[in-house]
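Some notes on the structure that comes next.
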Number of protein chains: 2
Amino acid sequence: MTVREQLLAAAARVYAEAGYRGATTRRIALAAGVNEITLFRHFGSKETLLHEAIARAGAEIESGELPEIPVDPVRELTRWARAHLAHMRDRRALIRTCMGEMEEHPGIISSIDKPPVRAAMALAGYLRRLRDGKLAAARFDEQVAATMLMGTLFGDAMGRDMMPEMFTRSTDASLREYVRLLLRGIGVAVDQADDT
Amino acid sequence: MTVREQLLAAAARVYAEAGYRGATTRRIALAAGVNEITLFRHFGSKETLLHEAIARAGAEIESGELPEIPVDPVRELTRWARAHLAHMRDRRALIRTCMGEMEEHPGIISSIDKPPVRAAMALAGYLRRLRDGKLAAARFDEQVAATMLMGTLFGDAMGRDMMPEMFTRSTDASLREYVRLLLRGIGVAVDQADDT
DNA sequence: CCTGCTTGCAAGCACCTACTTGCACAATTT
DNA sequence: AAATTGTGCAAGTAGGTGCTTGCAAGCAGG
């Protein structure tokens with residue numbers, strides 16, 4: 001691991017837990033195990049370093065794919081939602097910090113806010129395919145339904161450690177119920193025992 | 001408005017848009033239109049002031065009530081969700097900042113995180129009453145269903161200005177669709193035109 | 001009229017911030 | 001063997017931070 005990469009990783013880590021102002025060049029250099037001056041020689045300024053570090057951290061995205069031709073909605077959607085939820089949960093500190101500072105540092109969030117938009121698009125497309133394939137019988141707006149599931153997963157990823165009293169069931173049990181509720185909501189026949 | 005109240009209001013405002021470190025005593029005093037020394041004479045320290053200011057801002061809560069005996073689920077739930085969403089949306093800057101700093105300043109969030117828990121409890125109770133009153137026919141976990149709607153509203157309140165591409169429908173149209181999807185998900189008969 | 005009480009002003013303290021310069025040392029490359 | 005490169009160390013810049021002290025001005029109630 002080169003010094004540059006150590007600095008980028010340390011910068012993302014320190015930023016996630018301390019924010020822009022809290023991520024001082026001393027702390028980042030200490031976390032990276034290099035001298036503070038080396039930081040400036042590599043990146044010139046704190047701003048440059050943080051922008052590059054967060055853009056790199058936000059680019060690490062690959063939420064699972066949704067099938068082009070739906071066959072088993074409960075299984076397919078549960079699998080996708082589980083991957084998406086785990087992904088958000090792993091990055092919750094970074095996401096929270098970015099959200100809290102988006103008004104003060106709007107340039108930083110631009111590297112983070114695209115993945116969820118793409119995920120919502122993919123999900124909406126899948127829900128539309130469910131309807132077109134006569135698997136979902138109700139009339140519904142697939143964009144809004146996709147936003148609903150995304151918001152639910154987002155709320156779970158952000159809220160479960162902040163407000164544990166609100167989450168009585170386990171992550172996985174909740175997840176399966178989310179999917180069941182949504183699918184029933186768009187008119188998919190759901191039998192209780194079917195999950196994975 | 002006394003000097004104390006001006007300082008508390010200004011502190012909450014500045015904190016919401018700049019965070020703990022960004023809410024310097026000079027900025028707060030300037031925003032309140034008083035001298036910086038007056039701030040210290042009243043509150044002794046920045047920490048004391050911010051704690052009191054945020055506790056006060058978080059205490060301003062009154063999300064609408066849900067009826068004890070459900071009659072018209074779509075109407076009642078839409079009304080409640082609209083009030084709740086508007087409330088979160090109005091306070092989104094403060095909520096975002098608190099979330100971003102909850103790991104660094106855990107004491108601050110303790111004044112903010114109770115209202116949503118109470119709201120989720122009230123909502124879960126209402127959904128249970130729907131089921132007990134035979135208005136909701138499906139088998140479902142009312143806690144998880146309540147968390148789902150709360151997460152959806154939270155995601156809408158936080159995400160609509162951050163990722164406008166994700167929200168194609170208006171706030172109110174989305175809201176009505178959220179409620180419809182959830183109610184159909186728990187087995188309530190929903191006719192398309194019924195909303196308010 | 002005078003006595004508290006609140007407030008503002010000027011100045012300053014010690015500390016932290018991002019960032020710079022100059023020099024020395026080592027490894028790698030030429 | 002020489003030169004380039006990357007790094008660390010010491011020192012220092014100018015500015016912002018929370019917070020303190022001393023003193024004067026206003027404004028109320030006795």
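Residue numbering restarts at 1 for every chain, and letters A, B, ... go by the order of the sequence lines. The figures here come from the full heavy-atom set of this structure, side chains too, leaving out hydrogens, waters and symmetry mates.
The side chain of B/R41 approaches D/dG22 more closely than any other nucleotide in the set D/dC9, D/dC19, D/dG22. Proximity note for B/I37 (side chain, C-beta onward) versus D/dG18, C/dT17, C/dA10: the nearest is C/dA10. The listed nucleotides are C/dT7, D/dC19, C/dA18; the one nearest the side chain of B/V3 is C/dT7.
Rounded to whole Å, the distance from CD on B/Q6 to C1' on C/dT6 is 14 Å. Between the CZ atom of A/R27 and the C1' atom of C/dC19 there is a distance of 19 Å, rounded to whole Å. Between the CZ atom of B/F40 and the P atom of C/dT6 there is a distance of 18 Å, given to the nearest Å. If you take CD1 of A/I28 and P of C/dA18, they are 8 Å apart, rounded to a whole angstrom. Going from atom CZ of A/R21 over to atom P of C/dC16 covers 18 Å, rounded to whole Å. The interatomic distance linking B/N35 (CG) with C/dT6 (C1') rounds to 12 Å, in whole Å. In this structure, B/F43 atom CZ and D/dT20 atom P are separated by 15 Å, rounded to whole Å. Taking atom NZ of residue B/K46 and atom C1' of nucleotide D/dT17, one finds them 8 Å apart after rounding to whole Å.
For the pair A/K46 and A/Y20, the cation-pi criterion (under 6.0 Å, within 45° of the ring axis) is fulfilled. Judged by a 6.0 Å distance limit and a 45° cone about the ring axis, B/R180 is not positioned over the six-membered ring of A/F140.
Distances shown here put a side-chain N or O of A/H42 below 4.0 Å from the OP1 or OP2 atom of D/dT7. An OP1 or OP2 oxygen of C/dG8 is reached within less than 4.0 angstrom by a side-chain nitrogen or oxygen of B/T38.
Two residues are said to be in side-chain contact when any heavy atoms from C-beta on lie closer than 4.5 Å; B/M166 and A/Q143 fail this criterion.
Using a 4.0 Å cut-off between charged side-chain N and carboxylate O, A/E177 and B/R139 make no salt bridge. Checked for salt-bridge contact, B/R96 and B/D161 meet the test: a charged N lies under 4.0 Å from a carboxylate O.
Between B/T25 and A/R26, the one whose closest nucleotide on DNA chain D sits nearer the 5' end is A/R26.
Among the heavy atoms of the strands, none lies under 4.0 Å from B/A29.
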